Trainee: 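Starting off with a structure, shown below.
Just so it is clear: chains get the letters A, B, ... in the order the sequence lines come, proteins before strands, and each one is counted from 1. Since the model is a prediction, treat every value here as computed from it, not as a measurement.
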There are 2 protein chains.
Amino acid sequence: MKQITKKVIKNSLKRIFLYRACLVKLKLMGVEKVFSYTLANETGVTSDQVRKDFSEFNIKGNKRGGYDINVLLEKMEKIFHRSKDNNIVLIGMGNMGLALSKYSKFAQRNMNIVATFDIDPFKQKLRSGIPVYSMSRLKEIIDRFGVKVAILAVPEISAQEVADELIRYGIMGIVNFAPVLLKVSPDVIINNVNLCDELESVIYYVHKLMKVDGLKNLELLYRDMKY
Amino acid sequence: MKQITKKVIKNSLKRIFLYRACLVKLKLMGVEKVFSYTLANETGVTSDQVRKDFSEFNIKGNKRGGYDINVLLEKMEKIFHRSKDNNIVLIGMGNMGLALSKYSKFAQRNMNIVATFDIDPFKQKLRSGIPVYSMSRLKEIIDRFGVKVAILAVPEISAQEVADELIRYGIMGIVNFAPVLLKVSPDVIINNVNLCDELESVIYYVHKLMKVDGLKNLELLYRDMKY
DNA sequence: CTTTTTTTGTGATTTGTTTCACATCAATTC
DNA sequence: GAATTGATGTGAAACAAATCACAAAAAAAG
């Protein structure tokens, strides 16, 4: 329990999400097959990159024929274990927690928040479709629903403590919205979402852009950024 | 306007955020100076990495003496243009928008949401401290407050349209919470925050962890991930 | 049925990032 | 004040990721 909490998403996995978003859109538009360069144009990566990423995840297309969108999406379902539902718990029903509990996109992707938790008994009365429990029932619910992944939206002061508790009860992955570096054993997956950092980095690059005289060094600036 | 919307945060910049978070914590604890390995231990990177990152941003320490926390934090303030306040607008007062408008950490870091906007006149009555305007007043407010950065929390169906409008009125950077790939000219900074993807990637790695027999290939798995 | 075209899939190459290793400097010890 | 110690800072080496370039396959054309 001595170390770190870094490591998040591999770039290629991030891009797979990107491709999938495109594929879903294209499918809705009635398209049935894509070529690597279709996805490339749509997502702003190169077509080589698309194929390399696919090859990494063992996704095969048809020589000359491109990729069948349905087959691709199915493959990706498999990659993301979409077959079975994933039960999630959400801890902390402050502003952010409440918004997350109402976020319908999770359920659309078979990620179900089965219960939310808060220490504040007032919050426990809040209605959002999903039950709000007291922290004392955490273990019971985690066991009952076989929950492995949690969303942590508690104040930073209690984040570490709650994380420890979650992990003790069998949680293996946490999306952490508290701006703290959780210290956990390396066999627990932590994905930090730091809203301030996200906003701040945009400000950083905007300021940088404004300083670049007449867009001349724009290319140079862009080389500084990553997907 | 033909292109993409990728590129976000450089890894070294992300780590600078990390270091800063640590420094703030250490300062609160009364610590006055740090060594590269202090930060390294605390953040889970190597001390070489810390020094390389600092060197990239032209941050110098004292041979043998380490780094003075106050000086470091000041340097970082400069990097992030913390001297002046940054005015932000927030578009879309749904669940997520509302939560973001109440998120006090932005203001603590001198990022002020000066106004929020929504098409729904009912939302415009919602009180959250920050005024909620109709979209028709967007240009006026952006001009008045010299806003350069926006948070986009509208439904995905209208995200592109609103983004275009924002950019037309002079917005240069957007934190986009809608799960769409915005198509913008390359001199606009877009930082996508996709909540589903964040959750889903954790599920992905947790499943992967569970398949790894007896933690034997854990090291292998970890090599797959990134800071 | 042969040739051409088009697109995939993947080694080879290039580019970028992290780690290593050590020269350099400043504080401390003797 | 010389010698030792403990840190930084940075080129060099190792590693990782992205791009290039082309062989292979399949469809289409002749």
Trainee: State whether B:Lys60 places a side-chain N or O below 4.0 Å from either non-bridging phosphate oxygen (OP1 or OP2) of D:dA7.
Mentor: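 No, B:Lys60 has no side-chain N/O under 4.0 Å of OP1/OP2 on D:dA7.
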
Trainee: Rounded to the nearest angstrom, tell me the gap between atom CG in A:Asp53 and atom P in C:dT8.
Mentor: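 Between P of C:dT8 and CG of A:Asp53: 14 Å.
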
Trainee: So if I apply the side chain to side chain contact (heavy atoms under 4.5 Å, CB included) rule between B:Leu199 and each of A:Leu100, A:Val193, A:Ile88, which one comes out positive?
Mentor: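 That would be A:Ile88.
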
Trainee: Counting only side-chain nitrogens and oxygens, does A:Gln49 get under 4.0 Å of the OP1 or OP2 atom of D:dT19?
Mentor: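 For D:dT19, OP1 or OP2 has a side-chain N or O of A:Gln49 closer than 4.0 Å.
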
Trainee: What is the distance, to the nearest angstrom, from the CD atom on A:Glu56 to the P atom on C:dT10?
Mentor: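 That distance rounds to 13 Å.
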
Trainee: Keeping to residues at least two apart or across chains, list the salt bridge (Lys or Arg N to Asp or Glu O under 4.0 Å) pairs with something in residues 145-160 of chain A.
Mentor: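 Non-adjacent pairs meeting salt bridge (Lys or Arg N to Asp or Glu O under 4.0 Å): A:Glu156-B:Lys105.
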
Trainee: Atom CG of B:Asp68 to atom C1' of D:dA7: distance rounded to whole Å?
Mentor: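 One finds 15 Å between C1' of D:dA7 and CG of B:Asp68, rounded.
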
Trainee: For residues 63-71 of chain A, dump all side-chain donor-acceptor pairs below 3.5 Å to protein atoms at least two apart in sequence or in another chain.
Mentor:
from: A:Asp68; atom 1: OD1; to: A:Asn70; atom 2: N; distance (Å): 2.8
from: A:Asp68; atom 1: OD1; to: A:Val71; atom 2: N; distance (Å): 3.0
from: A:Asn70; atom 1: OD1; to: A:Lys27; atom 2: NZ; distance (Å): 3.0

Trainee: Do any side-chain atoms of residues 166-173 of chain B form donor-acceptor pairs under 3.5 angstrom with protein atoms, and if so which ones, sequence neighbours left out?
Mentor:
none

Trainee: Report the distance from atom CG of A:Asn58 to atom P of C:dG9, rounded to the nearest whole Å.
Mentor: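 Between P of C:dG9 and CG of A:Asn58: 10 Å.
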
Trainee: Taking only side-chain N and O atoms of A:Ser55, does any of them lie within less than 4.0 angstrom of OP1 or OP2 on C:dG9?
Mentor: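 Checking C:dG9 against A:Ser55, no side-chain N or O comes under 4.0 Å of OP1 or OP2.
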
Trainee: Grab the CG-C1' distance between A:Asn11 and D:dA18 for me, whole Å please.
Mentor: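 Checked: the CG to C1' distance equals 11 Å.
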
Trainee: What does B:Tyr67 touch in the nucleic acid at a heavy-atom separation under 4.0 angstrom: a base, only the sugar-phosphate, or nothing?
Mentor: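 The answer is sugar-phosphate, as B:Tyr67 gets under 4.0 Å only of primed atoms, P, OP1 or OP2.
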
Trainee: Quick one: side-chain contact (heavy atoms from CB on, under 4.5 Å) partners of B:Asn87, sequence neighbours excluded?
Mentor: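 With sequence neighbours excluded, B:Asn87 shows a side-chain contact (heavy atoms from CB on, under 4.5 Å) to B:Asn112, B:Val114, B:Phe145, B:Val147, given in chain and number order.
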
Trainee: Base contacts versus sugar-phosphate-only contacts with protein, heavy atoms under 4.0 Å: please encode nucleotides 22-30 of chain D as B, S and - from 5' to 3'.
Mentor: --BBBBS--

Trainee: Applying a 4.0 Å non-hydrogen cut-off, can you work out what B:Ser36 is touching in the nucleic acid: base, sugar-phosphate, or nothing?
Mentor: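 Contact class for B:Ser36: sugar-phosphate only.
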
Trainee: Measure from NZ on A:Lys14 to C1' on D:dA18 and round the result to the nearest Å.
Mentor: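 Those two atoms, NZ and C1', are 17 Å apart.
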
Trainee: Could you state the CZ-C1' distance from A:Phe54 to C:dT7, rounded to the nearest angstrom?
Mentor: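 Value for this atom pair: 14 Å.
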
Trainee: With a 3.5 Å cut-off and just heavy-atom distances, do the side chain of B:Lys52 and the base of C:dT19 make a donor-acceptor pair?
Mentor: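 Flag set: donor-acceptor pair detected.
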
Trainee: Would you indicate whether the side-chain heavy atoms of B:Tyr19 and B:Val34 approach each other to under 4.5 Å?
Mentor: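 B:Val34 vs B:Tyr19: side chains apart.
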
Trainee: Looking at residues at least two apart in the chain, or sitting in another chain, which of them share a side-chain contact (heavy atoms from CB on, under 4.5 Å) with A:Ala21?
Mentor: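 Partners of A:Ala21 under the side-chain contact (heavy atoms from CB on, under 4.5 Å) test: none.
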
Trainee: Without decimals, in angstroms, what is the distance between B:Lys33 NZ and C:dA27 P?
Mentor: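 Computing the B:Lys33:NZ to C:dA27:P distance gives 9 Å.
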
